[in-house]
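Notes follow the structure.
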Amino acid sequence: MQSLVRDFRSEPLALGRRLLGSYVVAFGAVFLLAAIAIRFAVVGIIQQQTAARLDDVARAGIRTVIFAPNGSLSIDRTDISNQTLLTRDQGLQWFDRQGRLLGTEGLAFPTGGGRNFDTATVPFLNPRTHQRMGTVTAAEWNRQRVEQIRYLDIGLLVGTVLA
């Protein structure tokens, strides 16, 4: 009779442990999915902001292109807009229609971009003929963006584990 009573008492404990385990797994899955969704949203916003910032810098670089009457191009290095927009982690490069480098300002970066740089390239047109005359490429060392994403990942991981 005593063993029968023990079985009845142990069944609710076993059921409680199974329910607790399933609840922990369910809550963990919900928090993990929420963290993943938040990460994708925030990383997308950071990438959009970076692209918009670099696009603005590249468009400012277009204003410094000087079109000579004979069709040649040059860069006005005295234009203040490049100096005020560029940070120390950014750079501009101008290329003609054939892809030859016309000039560089700010941070030196590889012409093909690279893992360590975010880039934006904007074409510029001849104001008279509206033909594409070349491109301006703005680049930014992506150290800050990578650090922001790393801090986000750490925060989401710690928050998910604590939750």
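Because only heavy atoms are used, hydrogens play no part in the values below, and waters and symmetry mates are left out as well, while side chains stay in.
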### Query
Taking the side chain as C-beta and beyond, is there a heavy-atom pair between F95 and T121 under 4.5 Å?
no
For this session: Would you check if L92 and W94 make a side-chain contact, meaning some heavy-atom pair closer than 4.5 Å?
Result: yes
Exactly one candidate in I46, I154, N142 meets side-chain contact (heavy atoms from CB on, under 4.5 Å) with I149; the answer is I46
Minimal non-hydrogen separation, [X] against [Y], with atom names:
{"X": "A58", "Y": "A120", "value": "CB-O, 4.1 Å"}
{"X": "L32", "Y": "T160", "value": "N-CG2, 4.1 Å"}
{"X": "R59", "Y": "V122", "value": "NH1-CG1, 3.6 Å"}
{"X": "T119", "Y": "A139", "value": "CG2-CB, 3.8 Å"}
{"X": "L156", "Y": "A35", "value": "CD1-O, 3.4 Å"}

Q144 atom CD: more than 12 heavy-atom contacts under 6.0 Å: no
Nearest-0.5 Å distance that lies between atom [atom1] in [X] and atom [atom2] in [Y]:
{"X": "L162", "Y": "L157", "atom1": "CG", "atom2": "CG", "result": "9.5 Å"}
{"X": "D118", "Y": "E140", "atom1": "CG", "atom2": "CD", "result": "6.5 Å"}
{"X": "T50", "Y": "D55", "atom1": "OG1", "atom2": "CG", "result": "12.0 Å"}
{"X": "R39", "Y": "I36", "atom1": "CZ", "atom2": "CD1", "result": "9.5 Å"}
{"X": "Q93", "Y": "L102", "atom1": "CD", "atom2": "CG", "result": "10.5 Å"}
{"X": "F124", "Y": "R63", "atom1": "CZ", "atom2": "CZ", "result": "14.5 Å"}

Checklist entry - For R53 and Q90, what are the C-alpha separation, side-chain angles and deciding distance, and is it a side-chain contact (heavy atoms from CB on, under 4.5 Å)? => result CA-CA 10 Å; R53 183 175 52 252; Q90 294 176 334; 3.9 Å; yes
Co-membership, hydrophobic cluster, residues V136 and M133, 4.5 Å side-chain:
yes
Hydrophobic cluster membership, with links at side-chain heavy-atom distances under 4.5 Å among I/L/V/M/F/W/Y: are L15 and Y23 in one? yes
